[in-house]
Amino acid sequence: GEFEALGEQEQVVSLLSVADLCLLPSAQEGFGLVALEAMASEVPVVASRVGGLPEFIEHGVTGFLHPPDDLHSMAESSLALLTDPDLHRKVAAAGRRTVTKSFCADTIVPQYEAYYAEVLSKGESGPSQLS
């Protein structure tokens, strides 16, 4: 097929739903929300081993991670996923399971609530740390 650069997009989920692969050759990456969105959409991720990506992408299992300057290996992993339907299916399913298990609202929201409750209780029990 043809490759076309779309520029900045707001409707990421609808684009991911028709994608075969998410390639993130970033030199640096923050938390990795795009990778999580791709994994949730069962789109395998090939990315640089930077930022928060190694926290939820297990190389060869839930996606593929390579050094930021190793574009050759990223291309090899991408081709492997695009030419091996079984590998593509396996990695896509494992990625979705990871996101569902670790980042779903039922898991994350209670953690945030507990954290905020802890912060608020510390603020009530002693002098303000901000003054």
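In the hydrophobic cluster analysis, where Ile, Leu, Val, Met, Phe, Trp and Tyr join through side-chain heavy atoms closer than 4.5 angstrom, F64 is grouped together with L71. Both L82 and M74 belong to a single network of hydrophobic side chains, linked directly or stepwise wherever heavy atoms of I, L, V, M, F, W or Y lie under 4.5 Å apart. Hydrophobic clustering keeps V91 apart from L79 (ILVMFWY residues linked when any side-chain heavy atoms are closer than 4.5 Å, directly or through intermediates).
Considering every non-hydrogen atom in both A35 and V45, the closest pair reads O-CG2, 3.8 Å. Here the closest heavy-atom approach between residue A19 and residue V43 is recorded as O-CG2, 3.8 Å. When all heavy atoms of V99 and A40 are compared, the pair lying nearest together is CG1-CB, 3.9 Å. The two residues S48 and L53 have their closest heavy-atom pair at O-CD1, 3.4 Å.
S78 OG to D20 CG: the interatomic distance, rounded to the nearest 0.5 Å, is 11.0 Å. From T62, atom OG1 reaches atom CD1 of I57 across 6.0 Å, with rounding to the nearest 0.5 Å.
Side chain of R49 to main chain of L65: a donor-acceptor pair is present (N/O by atom type, distance under 3.5 Å, no hydrogens or angles). The backbone N or O of E118 sits less than 3.5 Å from a side-chain atom of S121, completing a donor-acceptor pair.
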**OP:** For M39 and C22, run side chain to side chain contact (heavy atoms under 4.5 Å, CB included): C-alpha distance rounded to whole Å, both residues' side-chain angles, the deciding distance at 0.1 Å, then the answer.
**Re:** CA-CA 9 Å; M39 292 165 71; C22 178; over 6 Å; no
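Here the side chains of H66 and H59 are in contact, with some heavy-atom distance below 4.5 Å. The closest side-chain heavy-atom distance from L36 to F56 is below 4.5 Å.
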